[in-house]
2 protein chains.
Amino acid sequence: MTRILVVEDNPQIVRSLETILSLEGYDVLVATSGPDGVAAAVRERPDLILCDVMMPGFDGHEVLRRLRADGDAGLTPFIFVTARAERADQRTGMELGADDYLTKPFSREELLNAVRSRLERAEALRAGGGGGAFDFSSPEPLQTRLGITPREAEVLLWVAQGKSNADIGGILGMAEKTVKTHLGNLFTKLGIEGRNAATVLALEVLSGRR
Amino acid sequence: MTRILVVEDNPQIVRSLETILSLEGYDVLVATSGPDGVAAAVRERPDLILCDVMMPGFDGHEVLRRLRADGDAGLTPFIFVTARAERADQRTGMELGADDYLTKPFSREELLNAVRSRLERAEALRAGGGGGAFDFSSPEPLQTRLGITPREAEVLLWVAQGKSNADIGGILGMAEKTVKTHLGNLFTKLGIEGRNAATVLALEVLSGRR
DNA sequence: TGGCTTCTGGGACCAAAGTCGCATTCGGCA
DNA sequence: TGCCGAATGCGACTTTGGTCCCAGAAGCCA
């Protein structure tokens with residue numbers, strides 16, 4: 001049985017998540033504050049964690065930080081649930097290595113996709129030892145191999161994961177306009193046209209083929 | 001010295017291609033008809049062939065067909081030069097495995113990008129034996145592994161290579177509207193949003209990791 | 001101090017992508 | 001024969017993406 005821990009204080013969202021996830025056969029655990037979330041994660045060892053950014057006690061970033069420090073629980077796939085307006089301040093989310101960001105409002109399909117893909121990825125990591133997909137854990141390879149700036153590399157990393165400009169702005173804590181500016185510079189530097197070509201290039205790098 | 005064979009009857013375009021390519025240090029050979037093109041390709045063994053679709057003698061498709069049958073010359077990177085309006089009738093271009101399509105009018109950058117990327121790819125094939133990028137040679141893996149229709153797989157294959165809807169319509173011989181319809185169906189079937197996410201999925205499959 | 005790069009944003013504007021609803025053709029298959 | 005899925009096409013519309021031009025703040029280095 002696959003167990004998912006939901007760390008979220010808004011009852012509306014908790015109910016919605018519970019409904020969707022249980023219908024898919026997942027076992028749903030709930031914690032309604034940061035401290036409770038950390039405790040539950042350590043105690044229950046869920047297969048995946050969905051965590052809101054804004055919460056009482058301490059926020060989602062702090063939850064992630066503590067879990068990553070924990071070692072064992074630090075390997076659990078971790079997905080942030082965030083509104084577009086809520087900027088990931090100080091960009092701590094990214095730097096701490098959240099596996100994905102789910103932007104509110106999200107559809108049933110978006111939620112299930114994010115959950116499934118992260119579970120599959122974790123599974124592949126355990127089994128194959130190398131991974132079933134690409135390594136999105138760090139923008140560093142993109143920066144060094146493509147000769148771009150750190151910020152550009154971060155933007156590209158999320159573009160290559162299929163995020164929209166608006167989402168990326170939310171995740172990295174910058175305006176959508178700024179995302180566009182970085183992308184424009186990126187296109188020029190890399191001599192390509194369009195985010196799609198950028199995605200292909202990035203994935204070539206991230207798959208270790210360049 | 002890298003040698004490029006241009007098979008094109010329109011003097012305007014020949015001049016333009018020659019100017020751009022020689023400036024980049026490529027050695028440019030020219031043939032102005034299908035038969036001449038085949039003869040030149042077999043005799044000169046260029047490193048890459050740029051070939052117009054519409055031509056006297058026989059057309060670009062026929063040139064490609066004969067070269068592919070030839071064996072040795074069949075391995076040379078082959079890029080079709082085509083106008084958006086000229087549809088790849090009977091979709092023979094795709095089925096015969098042209099490496100890329102360059103849509104008129106094209107910019108200097110587009111031309112050089114296509115040429116460079118195909119040369120690099122051929123180089124990687126000779127050296128590494130496996131390839132430096134992804135295997136775009138057939139839509140079949142996409143079809144079977146993702147459970148989509150043949151036509152949808154063809155569309156996806158070109159989306160994953162960064163082509164626009166209009167270009168894909170030209171390449172596959174269908175209206176842009178139809179490309180959009182297929183893509184819409186694809187998004188629903190795969191449970192994703194946007195061509196970028198589709199690209200990531202497709203590349204995972206084409207990299208042999210799924 | 002002066003120049004350089006990086007990162008950040010705004011406004012205007014055009015092009016491309018994507019959605020919704022509807023309709024036709026064609027080939028298998030019950 | 002009649003139905004169905006696959007493939008194709010059109011129109012109208014909304015949303016993103018991308019470009020051009022511009023400009024301020026911060027940090028590094030000669």
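Convention: sequence-line order gives letters A, B, ...; per-chain numbering from 1.
A straight line from CG of A:N196 to C1' of D:dT16 spans 14 Å, rounded to a whole angstrom. We find that CH2 of A:W158 is positioned 19 Å from P of D:dT16, with the value rounded to whole Å. Between the C1' atom of D:dT8 and the CG atom of B:N185 lies a distance of 11 Å, rounded to the nearest Å. Following rounding to the nearest Å, B:M174 (CE) and D:dC10 (C1') show an atom-to-atom distance of 15 Å. As a whole-Å value, the separation of B:E193 CD from D:dT15 P is 14 Å. For the pair B:E176 CD and D:dA7 P, the interatomic distance rounds to 19 Å; values are reported in whole Å. If you measure from atom CD1 of A:I148 to atom P of C:dT5, you get 17 Å, rounded to the nearest angstrom. Regarding A:N165, its CG atom lies at a distance of 14 Å from the P atom of C:dG9, rounded to whole Å.
Note that OG of B:S16 and CG of B:L111 are 7.5 Å apart. Values are rounded to the nearest 0.5 Å.
Taking for each of B:F187 and A:K177 the nucleotide of DNA chain C with the nearest heavy atom, the 5'-most of the two is the partner of A:K177. When the nearest nucleotides of DNA chain D are assigned to A:R195 and B:P150 by heavy-atom distance, the more 5′-ward of the two goes with B:P150.
Counting only N and O atoms by type, the side chains of B:D167 and B:T103 include a donor and acceptor under 3.5 Å apart. Side chains of A:D9 and A:T32: no donor on one and acceptor on the other come within 3.5 Å.
The listed nucleotides are C:dG9, D:dG9, D:dG18; the one nearest the side chain of A:L183 is D:dG18. Considering only the side chain of B:T149, D:dA6 comes nearest among D:dA6, C:dT8, D:dG9. Of the candidate nucleotides C:dC7, C:dA16, D:dG17, C:dA16 has the atom lying nearest to any side-chain atom of B:S164. The side chain of B:K180 lies closest to C:dT19 when the candidates are D:dA7, C:dT19, D:dT19.
At least one donor-acceptor pair under 3.5 Å links the side chain of B:K163 to the backbone N or O of B:Y101.
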Review point. Stepwise, does the salt bridge (charged side-chain N to carboxylate O under 4.0 Å, His left out) test hold for A:R118 with A:D47?
Key: CA-CA 10 Å; A:R118 295 302 151 174; A:D47 298 289; over 6 Å; no

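Dashed line: the shortest gap from a side-chain N or O of B:T178 to OP1 or OP2 of D:dG9 is under 4.0 Å.
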